[in-house]
Engineer: 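Pasting in a structure now, in structure tokens, and then I'll have a few things to ask.
Proteins get letters first, then strands, A, B, ... in listed order; numbering begins at 1 in each.
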2 protein chains.
Amino acid sequence: MPSPAAATAQKAFAQPMSHGRWNDEADTRSPVDVVARHGVVTSYARNAEIFGEDQAAEHIYVVLSGAVRICKLLGDGRRQIETFCLAGDVFGWETAPRHRFSAEAVSECKVVRVKRSILFARASDDAELAHALWALTAAELSRTQNHLLVLGRKTAQERVATFLLDMAQRANASKGAAVNGVEVTLPMSRQDIADFLGLTIETVSRTLTHLEETLAIALPSSRRVVLRDSGALRRMNS
Amino acid sequence: MPSPAAATAQKAFAQPMSHGRWNDEADTRSPVDVVARHGVVTSYARNAEIFGEDQAAEHIYVVLSGAVRICKLLGDGRRQIETFCLAGDVFGWETAPRHRFSAEAVSECKVVRVKRSILFARASDDAELAHALWALTAAELSRTQNHLLVLGRKTAQERVATFLLDMAQRANASKGAAVNGVEVTLPMSRQDIADFLGLTIETVSRTLTHLEETLAIALPSSRRVVLRDSGALRRMNS
DNA sequence: CGTACGGTTGATACATATCAATATGCGTGG
DNA sequence: CCACGCATATTGATATGTATCAACCGTACG
């Protein structure tokens, strides 16, 4: 069923494309549109692998529902999560012939995929689509560069604060910046957060409880976070 | 003088374009080619700013000689260097209207630049050029993602080892992987290395002397590093 | 009702940061 | 060519943030 899929993806897609003037064109010929129209929908169970590191990269994916983590492993099992993909996010589209990371379902999730060759063929005719693909890669690069600053130079508190604000903004993309009282539901475990932020579970947990004691956030349950004082969180960001 | 500039850039360019099949086309219609042909050459003194964070992004640059650092700053002065650009590397070409980082001369350096509008205009006609721009962005993304793993999950030793191997490979791109006995001249200070690796000067210095004591490297001078046991260094990478 | 898994909290260890002193290299001017 | 001064790098002593190891708690589920 391509039409409801397309609609879902379309709506959510507004958010990652946050780079100015290309937004307008996004809904006529966006890669997401193409994927959603011609793609195959698949569901994955929690922790299922969608593709592995070094595997041949044949498809491009769009998340329809749930969340996906993109990760790299070190020989001894240390893991770095590069990013989390939520509904509307695209992943797996590199120019290289093999994936340089694995993709796994964080939660039960639905994903559409198309053959790269199909998308590439279209892109060679369609300058707008080609541009959109480029813009998408550039947006991903920008996100990754911001994350470099987080991992290289921020303290545990700052990392967690940045993460929470980011998640809040992605969840409420339409409503602009995160406001006091907003509640975010985190689809991922503490371990995932830790591996994303370059910390350990324990440090993430302690930092969250510390933010709660400081009244910056509230934790009605371990997966739900209420931003009580988003100003305080934002002050921890630079 | 566009012709010698073009030649230099062309030769060095082989290296960052390490993603397979697009290599071949690189020398006919690469972005570097366009920049070098139509660009303006400028020299910068050590530590001079080429452009600043949040500044309007009007140009795209190619390094002809010397080295450039791309960095982000935190409010209190903490700095993260995203990458070093050596001869042949392209920088400053984002899709966003403003630069999201600053660029500074690490050493005395020469740079060519063209207006983004010129390159973009050509790219809309020329699918190959458009593809090359995309591939370039994707390559940068890949590099950045690898660096995420370094900053998020590697120890100081591993970070320094990774850095040295990377620099050795970039310097001797043609000769393939770094071999024992190769000498690398680092164009950047210890502070720059520290800010690239998410460490302090002292830790970088101590780690280098430790690698020297271990006979993994030799340090004929602080800026020159000989890879004595590149196998040992490589073993520290995963 | 018990078991299992994810999360929190506590005690301690350790890697890296910080603060401080010394050394080395390098350009400048005598 | 040497002496001086500054910037950069190294080395040392100590502090600290986060990791590690370990116990405990709570909630979901059979």
Engineer: Rounded to 10°, tell me the angle between the two end axes of the helix from C:dC1-D:dG30 to C:dG30-D:dC1, each built from five pairs.
Structural biologist: 30°
Engineer: Using whole Å, what does the distance between atom P of nucleotide C:dT24 and atom CD of B:E212 come to?
Structural biologist: 13 Å
Engineer: With A:N172 as reference, evaluate A:V184, A:V182, A:V179 under the side chain to side chain contact (heavy atoms under 4.5 Å, CB included) test and give the passing residue.
Structural biologist: A:V182
Engineer: Report the distance from atom CZ of A:R153 to atom P of D:dG17, rounded to the nearest whole Å.
Structural biologist: 16 Å
Engineer: Could you tell me which non-hydrogen atom of A:V106 sits nearest to which non-hydrogen atom of A:P187, and how far apart they are?
Structural biologist: CG1-O, 3.3 Å
Engineer: Grab the two heavy atoms, one from A:L211 and one from A:M236, that are nearest each other, plus how far apart they are.
Structural biologist: CD2-CE, 3.7 Å
Engineer: Nearest to the side chain of A:T209, which nucleotide is it out of C:dT8, D:dT10, D:dT11?
Structural biologist: C:dT8
Engineer: Would you kindly give the CG-to-C1' distance between B:L219 and C:dA23, to the nearest whole Å?
Structural biologist: 15 Å
Engineer: Between B:Y61 and B:H99, what is the ring plane arrangement, given parallel below 30°, perpendicular above 60°, and tilted in between?
Structural biologist: tilted
Engineer: Which word best sums up how the rings of A:F84 and A:F196 line up, parallel for under 30°, tilted for 30 to 60°, or perpendicular for over 60°?
Structural biologist: tilted
Engineer: Heavy atoms only, 4.0 Å cut-off, all strands: where does B:T155 land among base, sugar-phosphate and nothing?
Structural biologist: sugar-phosphate
Engineer: Report the distance from atom CG of B:D76 to atom P of C:dT18, rounded to the nearest whole Å.
Structural biologist: 10 Å
Engineer: Looking at B:D89 and B:R170, is any side-chain nitrogen of the basic one under 4.0 Å from a carboxylate oxygen of the acidic one?
Structural biologist: yes
Engineer: Indicate, with a heavy-atom threshold strictly under 4.0 Å, whether A:R223 touches base, sugar-phosphate, or nothing.
Structural biologist: sugar-phosphate
Engineer: Output the rounded distance in Å from CD (A:Q157) to C1' (D:dT16).
Structural biologist: 15 Å
Engineer: Contacts to DNA chain D from residues 200-207 of chain A, heavy-atom cutoff under 4.0 Å, which residues?
Structural biologist: A:T200, A:E202, A:T203, A:R206
Engineer: Salt bridge between A:R78 and B:E158, side-chain N to carboxylate O under 4.0 Å?
Structural biologist: yes
Engineer: For the residue pair B:V41 and B:K110, what are the closest heavy atoms and their distance?
Structural biologist: CG1-CG, 3.8 Å
Engineer: Please work out if B:L208 contacts a base, only the sugar-phosphate, or nothing of the nucleic acid, heavy-atom cut-off 4.0 Å.
Structural biologist: nothing
Engineer: Out of D:dT10, C:dG7, C:dT9, which nucleotide sits closest to the side chain of B:S222?
Structural biologist: D:dT10
Engineer: Please say which of A:T209, A:L233, A:D229 ends up in a side chain to side chain contact (heavy atoms under 4.5 Å, CB included) with A:I217.
Structural biologist: A:L233
